[in-house]
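Notes to accompany the following structure.
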Number of protein chains: 2
Amino acid sequence: MAAEPATRGRPREFDPEEALSAALQVFWTRGYEGASLAELTEAMGITKPSLYACFGNKEALFHKALDLYERDKLCYMRSAMEEPTARAVAERLLRGTLNIQTGGNDPRACLGVISLVACTTQADSIKTDVLARRASSDKALVERLERAKAEGDLPAGVEPAALAAYVMAVMQGMGVQASGGASPQQLEQLVETTMAMWPSN
Amino acid sequence: MAAEPATRGRPREFDPEEALSAALQVFWTRGYEGASLAELTEAMGITKPSLYACFGNKEALFHKALDLYERDKLCYMRSAMEEPTARAVAERLLRGTLNIQTGGNDPRACLGVISLVACTTQADSIKTDVLARRASSDKALVERLERAKAEGDLPAGVEPAALAAYVMAVMQGMGVQASGGASPQQLEQLVETTMAMWPSN
DNA sequence: CAGATTATATACCGATAAGTATGAAATCCG
DNA sequence: CGGATTTCATACTTATCGGTATATAATCTG
């Protein structure tokens, strides 16, 4: 991960990538503040000093877990932009959200949503990081919808920025309902209802 | 609050209603687990023994704060059902959500959403309570939309339960975006976009 | 006023939080 | 083999968590 190959000294006995992946699972189910170091180290299979030596501290570990999350779970957001029509982009986004929320054991909201809503005490750096990443995907979607509008792919009255915020809101609402125990079928129905609402020209 | 007038003994020096209202504000900004007793007692202007004598414990205090929240902030949900058309019901719901989220100092999600997404560690009773209240409002909305459908107020292909989940999702998504620092104008735009999508027969 | 009763304030409890000091174990270079 | 270096395991520190014991102050009843 962040460390050099480290040719000298006692070799590390764990794989940082695997450990980070385990940490991500914990953060995803517990949130940043809800995840204790005891739980993290237990899941990662390492001790606290190893965690601090390899990842810095809890906060740095979370940022690295966010990186991994974005890389592994949110890649569908980038690829969705390549769909030929705005409608197809929206559907890929919604179905991608559905997939990551129902993929694991129990449905849960996007890690970003959890972190944003749940982190209240301090954790200012967490919130800032999540917001910056969110702004980036939001920008990508707005630009994609602007292109769609230029291509005549959206009705005249529809504002790309507003439509982007709307699609994101439905995705976030899906996450909340997943957290509340909604079944995959219910979430699927939510996708279909949203697509049925999609503006047609 | 929960205690009788208590004609004997030293009189209470604070107003339980006011104290509960202050506690609600803390829970609403910090979430259940994020709100510490130190912060709660500070905001309520009472000491810990007074809190425990009057409200039971932190968990009982939260349930009472939820009662107050539902009574004071979520009353718009009940009254929205009385609107004459399904479209008007949805708009009242969305605008009611907008109001409570932009009413205070800084925008924030619904307390129920915060509690549901944020409470992870134990707090099983919290989650159960929130889910039960949510199921109740969901049921009311589904029934209202079923009535709308019977009255020919909804297009043929639209399922009341699915439409209800969809409206709730947008409301919840609004809360997430409010937590993320969205401006009242952006949230207003979200309401308008959603209404522009509303199915017309 | 005396006693019963209730609320107050202060100080405390065990548990757990994040983070670290310390010494032993495992590797590399010479 | 003998430092130098890095990781590991255990035990620790300080702070805060939710919750409470205790003693004092304020009221009502008699």
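Bear in mind that the values here come from a model prediction, so they are computed numbers and not experimental data. Numbers restart at 1 for each chain; the letters A, B, ... are given by sequence-line order, proteins then strands.
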Is A:Arg71 close enough and on-axis enough to A:Tyr69, meaning under 6.0 Å and within 45°, for cation-pi?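 Because its charged atom misses either the 6.0 Å distance or the 45° angle limit, A:Arg71 does not stack over A:Tyr69.
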Residue list, salt bridge (Lys or Arg N to Asp or Glu O under 4.0 Å) with A:Arg108, at least two apart or on another chain: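 Here the qualifying residues are A:Asp106.
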Students often mix this up, so state it plainly: with edges at 30° and 60°, are the rings of B:Phe62 and B:Tyr32 parallel, tilted or perpendicular?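 Aromatic pair B:Phe62/B:Tyr32 classed perpendicular.
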Check the distance between [N]'s [atom2] and [X]'s [atom1] and give it to me in whole angstrom.
X       : N      : atom1 : atom2 : answer
A:Phe55 : D:dT7  : CZ    : P     : 12 Å
B:Phe62 : D:dG19 : CZ    : P     : 14 Å
B:Glu39 : D:dT16 : CD    : P     : 13 Å
A:Leu37 : C:dA17 : CG    : P     : 8 Å
A:Arg12 : D:dC8  : CZ    : P     : 7 Å
A:Lys58 : D:dT16 : NZ    : C1'   : 14 Å
A:Phe14 : D:dA9  : CZ    : C1'   : 14 Å
B:Leu61 : D:dG19 : CG    : P     : 10 Å

Salt bridge (Lys or Arg N to Asp or Glu O under 4.0 Å) contacts touching residues 75-84 of chain B (sequence neighbours left out):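 Listed once each, the pairs are B:Glu83-B:Arg92.
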Taking only residues at least two apart or on different chains, which pairs with a member in residues 181-200 of chain A satisfy salt bridge (Lys or Arg N to Asp or Glu O under 4.0 Å)?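 Output for this query lists A:Arg95-A:Glu188.
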Can you sort out the partners of A:Glu42 under side chain to side chain donor-acceptor pair (under 3.5 Å), two or more places apart, ordered by chain and number?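 Expected list: none.
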One pair to check against side-chain hydrogen bond (donor to acceptor under 3.5 Å, both in side chains): B:Gln172 and A:Gln177. What are the steps and the verdict? CA-CA 8 Å; B:Gln172 290 149 3; A:Gln177 298 194 7; 3.3 Å; yes
N/O (side chain, A:Ser36) to phosphate O (OP1/OP2, C:dA17) under 4.0 Å: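 Answer yes for this pair, as a side-chain N or O of A:Ser36 is under 4.0 Å from OP1 or OP2.
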Kindly say if B:Ser50 contacts the phosphate of C:dA7, meaning a side-chain N or O under 4.0 Å from OP1 or OP2.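 Answer is no, no contact under 4.0 Å.
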Basic-acidic side-chain contact under 4.0 Å: A:Glu143, A:Arg147: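 Between A:Arg147 and A:Glu143 there is no salt bridge, as every charged N stays at least 4.0 Å from the carboxylate O atoms.
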Heavy-atom contacts under 4.0 Å between residues 40-48 of chain A and DNA chain D, which residues?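 Those residues whose heavy atoms fall under 4.0 Å from DNA chain D, taken from residues 40-48 of chain A in numerical order, are A:Thr47.
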Walk along nucleotides 22-30 of chain D from 5' to 3' and tag each nucleotide B, S or - by protein heavy-atom contact under 4.0 Å, base first, then sugar-phosphate. ---BBBS--
Could you walk me through whether A:Arg30 and A:Glu33 pass the salt bridge (Lys or Arg N to Asp or Glu O under 4.0 Å) test, one step at a time? CA-CA 8 Å; A:Arg30 298 292 194 195; A:Glu33 293 178 333; over 6 Å; no
